2 protein chains.
Amino acid sequence: MVANRRDSLIDAAAQLLDRGGPAAVTLREVGRAAGVSHNAPYRHFADKSDLLEAIASRELERLADSFGKGGGRPREMLQAYLQWALLYPERFRLTFGPWRGDETALGKAAFRTRAVLVEAVAREQQEGAMPKGDPVRLAALLLASANGAASLALAGHLGRPGRADLSAENLVADLFDYLETATPA
Amino acid sequence: MVANRRDSLIDAAAQLLDRGGPAAVTLREVGRAAGVSHNAPYRHFADKSDLLEAIASRELERLADSFGKGGGRPREMLQAYLQWALLYPERFRLTFGPWRGDETALGKAAFRTRAVLVEAVAREQQEGAMPKGDPVRLAALLLASANGAASLALAGHLGRPGRADLSAENLVADLFDYLETATPA
DNA sequence: ACCTGAACACCGTTCAAGT
DNA sequence: ACCTGAACACCGTTCAAGT
């Protein structure tokens, strides 16, 4: 049942990430959790950044899969996106944080995730439920809004005492409502 | 002309941050740039996080000031926000990244920055240029969208070959256009 | 009150060596 | 091909000591 060593190292690193952020992902602790020495990971990853990148790549693949399930509507996809981000803050920050490489597995996974959303937006447009226009650009706006809403919510930049309605979910819902209003009948 | 030591330490730290991110902000280098020993900063900041928080706090104050200038319209404020974020990526990520404290100077500075935008949104609504509704919530959506657009642009999650129009500025402009269309005449 | 130098524990990475 | 243990340079933080 145990996957190959590379996968088990990614598993261990992801769990450490969830608990304490990127700083808690030390190669010594990763090795200990996987039952190997502290520099055995260097046989599978170029360095620590490469290991973190492998986590992000896996998260993007899973995100694309979750987009595929459900009714295939943009609204549901973005809500799934928010649930994932708020449930796994560190994975979210890592996945959509800055990269280094150009044409890595990460870039391809990100492209696939976006493509699923773009198709859903295009369908919605044809049904007259969203404004016309380039679906790639509209999907980018949706992703940007959800990303920012989740980021600000996690950082405590949205909430203030007595304003529980300022949630990431509500902000994204507002955006969809505005888009619906902006769609000619 | 030299400010007090605390300010000069923040200056040095901010420059190191711009060059190499939070990891490049080592207390040894900060001390060296400020002409003191590597642990003199501990007389002015509780720890490294506290020093980074001081940078973020200062950036938020400056952002609120820049919001105050110009025509006082939300569209211009958000464009100023994007320019700052794209020009100083590391300060942007630090400022809107996760915090620890609750009621620190950082929280107050963030509140002030948001308040300026909220007032501008309320004015726009009264002029019939933006949809009615809670201006706090609409301002939060604007900030979230701009934040996410800048974040994805910086991370390379927006661009792809031959799609230079997928910029943070354009996405935010699209949002303002949708909001205008969604406003009854 | 503010600063210094030494010291501690920790980390990423490299390398010679093992199977 | 994959792993280990020692070693190196570096870092955040603490502490005894100075002015």
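Every chain is numbered from 1, with letters handed out A, B, ... down the list of sequences. A quick note: this is a predicted structure, and the numbers were derived from the prediction, not measured.
- A donor-acceptor pair under 3.5 Å is absent between the side-chain atoms of A:Ser151 and the main chain of A:Asn147, judged by distance alone.
- Relative to the side chain of A:Ser37, the nucleotides D:dT4, D:dG12, C:dC3 differ in distance, and D:dT4 lies closest.
- For the pair B:Glu29 and B:His38, the minimum side-chain heavy-atom distance is 4.5 Å or more.
- A:Lys48 places its NZ atom 17 Å from the C1' atom of C:dT14, with the value rounded to the nearest Å.
- Distance A:Leu51 CG to C:dC11 P: 15 Å, rounded to the nearest Å.
- Of all nucleotides listed (D:dT4, D:dC11, C:dA7), D:dT4 comes nearest to the side chain of A:Val36.
- Nearer the 5' end of DNA chain C, as judged by each residue's closest nucleotide, is the contact made by B:Ala40, out of A:Ser49 and B:Ala40.
- The distance from atom CG of B:Asp50 to atom C1' of D:dG12 is 14 Å, rounded to the nearest whole Å.
- Looking at B:Asn39, its side chain has no donor and acceptor atom pair within 3.5 Å of the base of D:dG12.
- In this entry the distance linking CG of A:Asn4 with P of D:dA1 reads 17 Å, nearest Å.
- As rounded to whole Å, 10 Å separates atom C1' of C:dA1 from atom NE2 of B:His44.
- For C:dT14, neither phosphate oxygen OP1 nor OP2 lies less than 4.0 angstrom from any side-chain nitrogen or oxygen of A:Tyr42.
- Across all strands shown, C:dG5 is found opposite D:dC15 as a Watson-Crick or G-U wobble partner, with both distances under 3.5 Å.
- Atom CD of B:Glu29 is separated from atom C1' of D:dG12 by 15 Å (rounded to the nearest Å).
- Put simply, the side chain of B:Phe92 does not reach to within 4.5 Å of the side chain of B:Glu59, judged on heavy atoms.
- Using a 4.0 Å heavy-atom cutoff across all strands shown, A:Val25 reaches sugar-phosphate atoms only and no base atom.
- Across all strands shown, D:dC10 remains unpaired; no Watson-Crick or G-U wobble contact has both distances below 3.5 Å.
- Taking the charged nitrogens against the carboxylate oxygens, B:Asp50 and B:Lys48 have no contact shorter than 4.0 Å, which rules out a salt bridge.
- Using a 30° and 60° split on the angle between ring planes, B:Phe96 and B:Trp84 fall in the perpendicular class, above 60°.
- When the P atom of C:dG12 is taken as reference, atom CZ of A:Arg32 falls 11 Å away, rounded to whole Å.
- Between the CZ atom of B:Arg28 and the P atom of D:dT14 there is a distance of 13 Å, rounded to whole Å.
- You'll find that the side chain of B:Arg43 is closest to C:dC3, out of C:dG12, D:dT13, C:dC3.
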